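None of the values given here were measured: they were computed from a predicted structure. Along the sequence shown, the residues carry numbers beginning at 1.
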Amino acid sequence: QVQLVESGGGTVQTGDSLRLSCSVSGRAFSSYSVAWFRQAPGKEREFVAAISRSGAAYYADSVKGRFTISRDNAKNTVYLDMWMLRPEDAAVHLCSAGPRFSQQRSDYSYWGQGTQVTVSS
């Protein structure tokens with residue numbers, strides 16, 4: 001069983017930065033791709049960024065150039081560094097793990113509970 005716990009969310013102002021962390025416990029963390037998704041009230045869950053087992057990264061167009069995803073296999077942790085935050089970035093941010101490097105929700109088998117990011121204008 002794989003468990004994921006997110007942390008680092010909070011309330012910031014437009015233009016501020018945050019670092020989210022996703023701590024993964026269980027089997028063979030280094031064998032999984034990990035992705036961040038986000039969901040705002042009344043909206044569909046949307047892809048934010050993903051990182052492969054080898055460290056390749058892929059981003060949604062809406063965050064490209066502002067967010068960076070990284071992983072530390074020694075600490076079983078994936079990070080999402082977010083800069084120049086905008087009100088439209090406000091959402092519950094969830095991390096997920098799966099065997100495939102993808103932006104599709106269905107490719108990720110394990111999910112955390114999420115951490116809230118609020119951006120005030």
Side-chain angles (χ1 to χ4, degrees):
Q1 187 71 8
V2 176
Q3 294 181 322
L4 298 91
V5 178
E6 303 93 336
S7 61
T11 299
V12 298
Q13 294 187 330
T14 298
D16 284 350
S17 60
L18 272 178
R19 165 174 265 202
L20 305 184
S21 299
C22 174
S23 177
V24 183
S25 61
R27 316 172 37 190
F29 167 75
S30 61
S31 69
Y32 289 102
S33 293
V34 178
W36 286 94
F37 288 77
R38 65 189 182 188
Q39 188 164 18
K43 294 189 176 181
E44 292 288 318
R45 188 171 296 185
E46 65 174 359
F47 170 79
V48 177
I51 189 164
S52 72
R53 292 172 291 178
S54 62
Y58 184 77
Y59 300 93
D61 287 343
S62 60
V63 306
K64 202 173 294 182
R66 299 188 299 121
F67 290 13
T68 299
I69 190 171
S70 59
R71 68 189 296 161
D72 185 338
N73 286 344
K75 295 183 178 179
N76 281 17
T77 301
V78 170
Y79 303 99
L80 185 68
D81 289 296
M82 308 184 293
W83 288 279
M84 295 180 288
L85 283 161
R86 305 167 179 168
E88 54 264 38
D89 295 318
V92 174
H93 284 64
L94 307 101
C95 68
S96 56
R100 191 172 174 187
F101 180 45
S102 165
Q103 61 177 314
Q104 302 300 321
R105 288 171 54 180
S106 57
D107 287 325
Y108 293 92
S109 308
Y110 304 102
W111 291 82
Q113 295 297 309
T115 185
Q116 177 71 48
V117 173
T118 303
V119 184
S120 59
S121 55

Between CG on residue N76 and OG on residue S23, distance to nearest 0.5 Å: 7.0 Å
Examine distances only and state if a side-chain atom of D81 and a backbone atom of F67 form a donor-acceptor pair shorter than 3.5 Å. no
Taking R66 for its side chain and M84 for its backbone only, find out whether a donor-acceptor pair lies under 3.5 Å. yes
With a 6.0 Å cut-off on ring centres, are W111 and F37 close enough? yes
Give a yes/no verdict on a cation-pi contact between R19 and W83, requiring under 6.0 Å between NZ or CZ and the six-membered ring centre and an angle within 45° of the axis. no
Quick check: do V24 and C22 have side-chain heavy atoms less than 4.5 Å from each other? yes
Presence of salt bridge, R86 and D89, under 4.0 angstrom: no
Looking only at heavy atoms, what is the nearest atom pair of V119 and A90, with distance? N-CB, 3.9 Å
Less than 4.5 Å apart, any side-chain heavy atom of T14 and any of P87? yes
Side chains of R38 and S62: does their closest heavy-atom pair fall under 4.5 Å? yes
Would you call S102 and Y108 a side-chain contact if the rule is heavy atoms closer than 4.5 Å? yes
Quick check: do F47 and Y58 have side-chain heavy atoms less than 4.5 Å from each other? yes
Any side-chain to backbone donor/acceptor pair from S70 onto L80? Under 3.5 Å, distance only. no
Distance col, row Y59:OH vs K64:NZ, nearest 0.5 angstrom, shows 10.0 Å
Side-chain (S30) to main-chain (A28) donor-acceptor, under 3.5 angstrom: no
Does the side chain of V78 reach to within under 4.5 Å of the side chain of I51, using non-hydrogen atoms? yes
Applying side-chain contact (heavy atoms from CB on, under 4.5 Å), run through W36 and L94 and close with a yes or a no. CA-CA 6 Å; W36 286 94; L94 307 101; 5.8 Å; no
Could you go through the side-chain contact (heavy atoms from CB on, under 4.5 Å) check for M82 and V117 one step at a time? CA-CA 10 Å; M82 308 184 293; V117 173; 4.0 Å; yes
Looking at T11, is its backbone amide N or carbonyl O close enough to the side chain of T118 to form a donor-acceptor pair, meaning the two atoms are under 3.5 Å apart? no
Counting distance only, does the side-chain N/O of R105 pair as donor-acceptor with the main-chain N or O of E46 below 3.5 Å? no
With a 4.5 Å limit on heavy-atom distance, are the side chains of D72 and Y79 in contact? yes
I want to check something: taking the side chain as every heavy atom from C-beta on, are F29 and V34 in contact at a cut-off of under 4.5 Å? yes
Would a distance-only check, ignoring hydrogens and angles, find a side-chain to backbone donor-acceptor pair under 3.5 Å from Q113 to E6? no
